[in-house]
2 protein chains.
Amino acid sequence: MALSARSITLHDVARDAGVSAASVSRILTGRFRGEPAVAERVRAIARQLGYVPHGGARALITRRAGAMGVLLPDIFGEFFSELLRGADAAARAAGVQLLVAGAHSAPEELVAAIGAMRGRVDGYLVMAPHTAARAALAQLAAHTPTVVVGASDRAVPFPALVVDNRGGARAMAQHLLACRYDRIAFIGGPRGNADATARRSGFLQALRGSAAARTLIELPGDFNQQAGWDAARALLRAPRRPRALFAANDAMAIGALSALHDAGVRVPDEIAVAGFDDIPMARFLAPSLTTVHVPIAALGERAMQRLLDGVRHGTHATVFREVVPTSLVHRASTGAPADPVTMRGVA
Amino acid sequence: MALSARSITLHDVARDAGVSAASVSRILTGRFRGEPAVAERVRAIARQLGYVPHGGARALITRRAGAMGVLLPDIFGEFFSELLRGADAAARAAGVQLLVAGAHSAPEELVAAIGAMRGRVDGYLVMAPHTAARAALAQLAAHTPTVVVGASDRAVPFPALVVDNRGGARAMAQHLLACRYDRIAFIGGPRGNADATARRSGFLQALRGSAAARTLIELPGDFNQQAGWDAARALLRAPRRPRALFAANDAMAIGALSALHDAGVRVPDEIAVAGFDDIPMARFLAPSLTTVHVPIAALGERAMQRLLDGVRHGTHATVFREVVPTSLVHRASTGAPADPVTMRGVA
DNA sequence: CCCAGTGGTGCAAACGTTTGCACGCGTTGT
DNA sequence: ACAACGCGTGCAAACGTTTGCACCACTGGG
């Protein structure tokens, strides 16, 4: 296996400048308190040689990797690219790099990925919506700065940023009730996904006691567009069509909109559709999608900031639980509420 | 600044097992040719202590970072998440990690990001659609394995995977002509973006000589949904509306669809809409979007594979230029061709 | 019984950087 | 003129691995 050609090191610069490597290091990192003339000469030679410090070696001696690990369940769709964008912005501002790994379905895969990052990152930003992975994470968090993003068990404590899934789903339920939709269908998320579970339970809770609760139709889903498409097709074949359809995320809502459009069903006149996440594309759909706004990029940014703080101040053992608020975004895919009073309650 | 608590090293395992660090290293990396009993004991102790090798230290001595740098112009929308997903898949299969950095508008930013990755990655996967960044890259590619993705100048040679933008745009032009759309509008991409330029020139080239060429309306865009929305609004205000609208990427086509829907304009009956990229969502739009299929995830995967090959076999100096084919995907947002013969020519 | 061969294991150097300590030289105070 | 002090700079250790080389203890043949 061929190795990359040996590149310019600190010693090369030191030799050419006629000083020690120590001085070069001090000069280039700004810790030098000697002759300005020497410093200038060294800087000039470094520039001329095209010297760039070796991040790995620096990380080893300073015990700071200068990078954060980002672990995602998947890299798919706008949600994750938004999250990553936010995390990247915060990391860049701090001069820290991002080691990204996706597609962790099983808990042991997640643990393996975390292991592979040891010594290359100072902390972990983990999105682990699957309940099963939580125990493994709690152990990790005690050793290394870690921030978990997304829903979390209260049972297993670690620093976490959680989206107010229940609140958002409740607001959506109230909105749909205010619109007087009597028959409502709910398309759920993947089994074992904590966000999906919280959204469902918030929705059901707010529906309790209403007429819609008794006629509620529940359909399985997996957060992908195809699942929403399939669910909508199934609903159209049902003996009594629902009047509204709430998907546990926007991707499924989009799939549903597509199926309804193809079947010639008018939205929201015949069936209203709502989603969850408010991905950037939601407002550009036809019709634009009523959904629950989650500040996705801000979530990634905030999580990274808290992670960086934890590493900087050594407060990473401090368990916190920050709830990120959600808000209802009323667009064209659902009708206007019949009762404005209820809407006030939502806002 | 607090440092992370000292974690288990090779020496800790060696001490507990009563062997040298060298033996532990050989045992855990499978290069050990001694007593099986010793090996088993060491493995047991390593497991019990929760030892995980320090990637940074290993990278330093082996001169292989075990990671690849991925440099993106931006992390926004489905295109980049698809590309990243493909790259991640290939990297994961090779046991290599991904150091991701986004948002490089200016060439010097790109160079800085590359520098910051020195010593942490074995190669670079760069998406640099802006012509200005190319010169800086050519220099880099000579030193370090680099694969550029997206359009490329033939003038500045380095290993590159390029999308057949011109071919795709030509096919789209032929399709729109076959549909007998007389007045066509084109929404362009960001100024200086090589992909956008190639798409435009392929489109214009195929239109040459047709009646549509004389009535062509060109509008500026920046690859974001809002630009497509704005462009469509502008077209609706124009004295004579176009009959078809070709956006240089899907995001802008989506924005346009949204604006047309809001204005009550039927697609494709009144205005046909087409995009470029075929992001996963394109088929779930209402109406589903006619577009030029780019195998985005496959592109990322293939680029990463070639990069890995280059690093492994030391062939990174070999300049290649692999053209990724595109294909027309005819969906509901454009009508059926009036002349099937022309369509045969497209396929 | 000794020597050569062999197989198991450890020593130490190396990767490229940072940093505590000390050294040498020039200056100043007595 | 000699001690003390300070300032600029270099030496060497350290970070956690891997790996060439050498060493030791066996074993077997002469």
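Order of the sequence lines fixes the chain letters, A, B, ..., with proteins taken first and strands second; residue numbering starts at 1 for each chain. Fair warning: this is a prediction, and the values are worked out from it, not measured in the lab.
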Assess whether salt bridge (Lys or Arg N to Asp or Glu O under 4.0 Å) is satisfied between A/R306 and A/D309, documenting all intermediate values. CA-CA 5 Å; A/R306 295 222 57 158; A/D309 283 353; 5.9 Å; no
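- The shortest distance between the side-chain N/O atoms of A/R58 and the OP1/OP2 oxygens of C/dT18 is below 4.0 Å.
- The nearest heavy atom of DNA chain C to B/S20 and to B/L60 marks one nucleotide each, and the one closer to the 5' end goes with B/S20.
- Distance CD (A/E35) to P (D/dC7): 13 Å, rounded to an integer number of Å.
- Of the candidate nucleotides C/dT9, D/dG16, C/dG16, C/dG16 has the atom nearest to the side chain of B/R63.
- Here the closest non-hydrogen pair linking A/L125 and A/G300 is CD2-O, 4.4 Å.
- A salt bridge does not link B/D88 to B/R85: none of the charged nitrogens lies less than 4.0 Å from a carboxylate oxygen.
- Atom CZ in A/R64 sits about 22 Å away from atom P in C/dG16, given to the nearest Å.
- Listed for the A/D122 side chain is a donor-acceptor partner under 3.5 Å among the backbone atoms of A/G66.
- Protein atom CZ of A/R15 is 12 Å distant from nucleotide atom P of C/dT17, rounded to whole Å.
- Nearest nucleotide to the B/T62 side chain, out of D/dT9, C/dT17, D/dT18: D/dT18.
- Residue A/V19 is the one, among B/I61 and A/V19, whose nearest nucleotide of DNA chain D lies closer to the 5' end (criterion: closest heavy atom).
- Ranked by how close their nearest DNA chain C nucleotide is to the 5' end, A/L10 and A/R26 are led by A/L10.
- Separating the CD1 atom of B/I27 from the C1' atom of D/dT19 is a distance of 15 Å, rounded to the nearest angstrom.
- The existence of a salt bridge linking A/D12 and A/R15 is confirmed by a sub-4.0 Å separation between a basic side-chain nitrogen and an acidic carboxylate oxygen.
- What separates NE2 of B/H11 from C1' of D/dC15 is a distance of 10 Å, to the nearest Å.
- The nucleotide whose nearest atom lies closest to any side-chain atom of A/A22 is, among D/dC11, C/dG16, D/dT9, D/dC11.
- Within 4.0 Å of B/S25, counting heavy atoms only, lies at least one base atom of the nucleic acid.
- Residue B/T9 has no polar side-chain atom (N or O) positioned under 4.0 Å from OP1 or OP2 of D/dG16.
- Backbone-only engagement by A/R31 is indicated by non-hydrogen atom pairs under 4.0 Å involving sugar-phosphate atoms exclusively.
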